[in-house]
Amino acid sequence: MAFTVTRLLGNVSRSKLPSSVGIFSRQFCAANYQHIKTEKKGAKQNVALITLNRPKALNALCDALMTELGEAVSTFERDLNIGAIVITGSEKAFAAGADIKEMLNQTYSNNVKYSLLEHWSNVAKCKKPIIAAVNGYALGGGCELAMMCDIIYAGEKARFGQPEIIIGTIPGAGGTQRIARSCGKSKAMEICLTGDQFTAQEAEKMGLVSKVFPTDKLVEEAVKLGEKIASHSPLMIQLCKESVNVAFETSLQEGLRFEKRAFYGTFATDDRKEGMTAFVEKRAPNFKNN
């Protein structure tokens with residue numbers, strides 16, 4: 001688990017720390033991750049790349065890894081120079097599942113008291129777009145992590161699945177819910193009730209994956225997508241992501257109302273005016289995130 005300056009300072013409020021300490025804390029944290037790697041990619045260094053790094057365990061999602069991932073996502077979310085985030089693993093495994101050895105002796109009461117897996121949702125709560133670049137196995141928690149992201153790109157040899165039923169349990173980090181919303185009831189039932197794996201090509205056909213690429217080109221293509229997204233107004237990207245997510249959480253009429261209000265709201269921003277002015281003047285817009 002990453003160890004930050006903030007933890008060393010105990011109960012001192014973040015708001016009372018000088019800005020220089022905050023910057024140092026983020027750099028120190030990033031430099032000391034044990035289970036992930038972080039870097040900035042793209043011509044403008046505006047795409048964050050987070051690589052899951054437990055190769056001996058096929059990137060099994062232990063608590064420490066997911067804590068570090070949440071911290072890294074939060075750090076890049078606060079970084080004004082970052083417009084999109086890419087999460088990937090190795091060519092062999094994006095993430096082969098949750099760490100079953102860590103869960104083996106858990107009890108129902110402890111799960112309730114300590115909210116097992118609750119902090120995994122930090123990835124889905126990020127306001128910036130997150131792209132999952134999936135090579136190899138994305139099973140169980142690995143498939144759920146990919147679905148927490150906003151867009152999934154897959155390598156041609158990637159394999160997905162929710163095999164929890166095989167080991168006597170069910171998906172617990174969104175597997176039954178997000179697959180149903182992406183692929184429909186019948187496909188979700190088949191995937192979750194059989195535990196069978198399915199290919200990247202099948203995932204693309206059912207709408208779970210946006211595009212499939214050669215294994216060695218996957219991360220490059222995900223970063224290119226991140227760069228394209230990051231070229232737009234960060235404020236509009238945030239509003240648009242929120243609006244799309246509402247479609248999965250409300251009725252059509254409520255979603256349409258939300259979208260309309262958000263659309264109207266863009267007319268109170270400088271970036272909306274700049275974007276439309278640039279279009280009329282046939283030039284590239286200069287967004288300021290305002």
Side-chain angles (χ1 to χ4, degrees), residues 14-15 19-20 22-23 25-27 29-30 38-51 69-88 121-133 146 148-153 209-211 213 217-250 254-290:
R14 278 182 177 269
S15 63
S19 59
S20 59
I23 294 170
S25 174
R26 290 194 292 273
Q27 292 173 340
C29 178
T38 63
E39 56 185 311
K40 294 182 179 181
K41 305 288 282 186
K44 296 182 179 180
Q45 296 286 282
N46 57 357
V47 177
L49 176 63
I50 302 174
T51 304
L69 179 60
E71 289 180 358
V73 167
S74 179
T75 295
F76 286 127
E77 184 178 23
R78 296 192 302 271
D79 189 333
L80 297 180
N81 295 319
I82 294 297
I85 300 169
V86 175
I87 298 176
T88 193
S121 62
N122 291 339
V123 173
K125 292 176 182 177
C126 180
K127 294 179 180 179
K128 291 181 178 179
I130 302 182
I131 303 156
M148 289 179 198
C149 300
D150 302 298
I151 300 169
I152 304 176
Y153 274 8
V209 164
S210 293
K211 292 180 181 178
F213 297 96
K217 298 292 184 183
L218 174 66
V219 174
E220 176 187 338
E221 292 296 333
V223 169
K224 284 182 183 178
L225 176 64
E227 287 185 284
K228 185 170 186 177
I229 292 170
S231 70
H232 305 310
S233 162
L235 180 59
M236 298 307 151
I237 290 293
Q238 180 179 327
L239 288 171
C240 193
K241 172 176 172 171
E242 185 179 11
S243 188
V244 173
N245 279 333
V246 166
F248 291 91
E249 299 163 0
T250 64
E254 283 300 316
L256 290 171
R257 276 191 284 270
F258 181 91
E259 179 191 74
K260 193 73 71 180
R261 288 194 296 269
F263 169 67
Y264 289 165
T266 67
F267 284 75
T269 69
D270 294 336
D271 279 359
R272 191 282 313 169
K273 185 174 182 179
E274 166 62 13
M276 290 189 176
T277 300
F279 178 81
V280 171
E281 295 177 354
K282 298 181 179 180
R283 61 173 176 82
N286 182 24
F287 295 122
K288 301 292 187 181
N289 199 22
N290 289 314

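Here the structure is a predicted model, which means the values were calculated and not measured. Heavy atoms only: backbone and side chains are in, while hydrogens, waters and symmetry mates are out.
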Does [Y] offer a backbone N or O that forms a donor-acceptor pair with the side chain of [X] under 3.5 Å?
| X | Y | result |
| --- | --- | --- |
| Thr88 | Ala133 | yes |
| Thr250 | Ala247 | no |
| Asn81 | Asn46 | no |
| Lys128 | Gln238 | no |

Shortest non-hydrogen separation from [X] to [Y] and the atoms involved:
| X | Y | answer |
| --- | --- | --- |
| Cys149 | Ile131 | CB-C, 4.4 Å |
| Lys40 | Phe76 | CE-CE2, 4.3 Å |
| Lys125 | Glu77 | O-OE2, 4.2 Å |
| Val47 | Val223 | CG2-O, 4.0 Å |

Who pairs with Asp271 by side-chain hydrogen bond (donor to acceptor under 3.5 Å, both in side chains), at least two apart in sequence or on another chain?
Ser233
Separation between [atom1] of [X] and [atom2] of [Y], rounded to the nearest 0.5 Å:
| X | Y | atom1 | atom2 | answer |
| --- | --- | --- | --- | --- |
| Arg272 | Asn290 | CZ | CG | 14.0 Å |
| Phe258 | Glu249 | CZ | CD | 9.0 Å |
| Leu218 | Lys211 | CG | NZ | 12.5 Å |
| Ser231 | Phe287 | OG | CZ | 8.0 Å |
| Ser74 | Leu69 | OG | CG | 11.0 Å |

List for me each residue that meets salt bridge (charged side-chain N to carboxylate O under 4.0 Å, His left out) alongside Asp270, sequence neighbours excluded, and say none if there are none.
none
With a 6.0 Å cut-off (strictly less than), is the heavy-atom count around NZ of Lys41, excluding the residue itself, greater than 12?
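At most 12 heavy atoms, drawn from other residues, nucleotides or ligands, come within 6.0 Å of this atom.
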Just do the side chain to side chain contact (heavy atoms under 4.5 Å, CB included) check on Val246 and Glu259 with the steps written out, would you?
CA-CA 9 Å; Val246 166; Glu259 179 191 74; over 6 Å; no
[X] vs [Y] side-chain heavy atoms within contact, under 4.5 Å:
| X | Y | answer |
| --- | --- | --- |
| Tyr153 | Leu225 | yes |
| Val73 | Asn122 | no |
| Met148 | Ile130 | no |
| Val123 | Ile87 | yes |
| Ile50 | Ile85 | yes |
| Leu49 | Thr38 | no |
| Ile237 | Leu239 | no |

Pairs in or reaching into residues 224-241: which pass salt bridge (charged side-chain N to carboxylate O under 4.0 Å, His left out), with residues at least two apart or in two chains?
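Sorted result for residues 224-241: Asp150-Lys241, Glu220-Lys224, Glu221-Lys224.
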Return the set of residues passing side chain to side chain contact (heavy atoms under 4.5 Å, CB included) with Val244 (not counting sequence neighbours), or none when no residue passes.
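With neighbours one apart ignored, the set is Phe248.
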Suppose we screen for ring pair (Phe, Tyr, Trp, His ring centres under 6.0 Å). Which residues come up paired with Phe279, at least two apart in sequence or across chains?
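Phe279: no ring pair (Phe, Tyr, Trp, His ring centres under 6.0 Å) contacts found.
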Among residues two or more places apart or on two chains, list those pairs meeting side-chain hydrogen bond (donor to acceptor under 3.5 Å, both in side chains) that have a residue in residues 273-285.
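Qualifying pairs: Glu274-Arg283, Glu281-Arg283.
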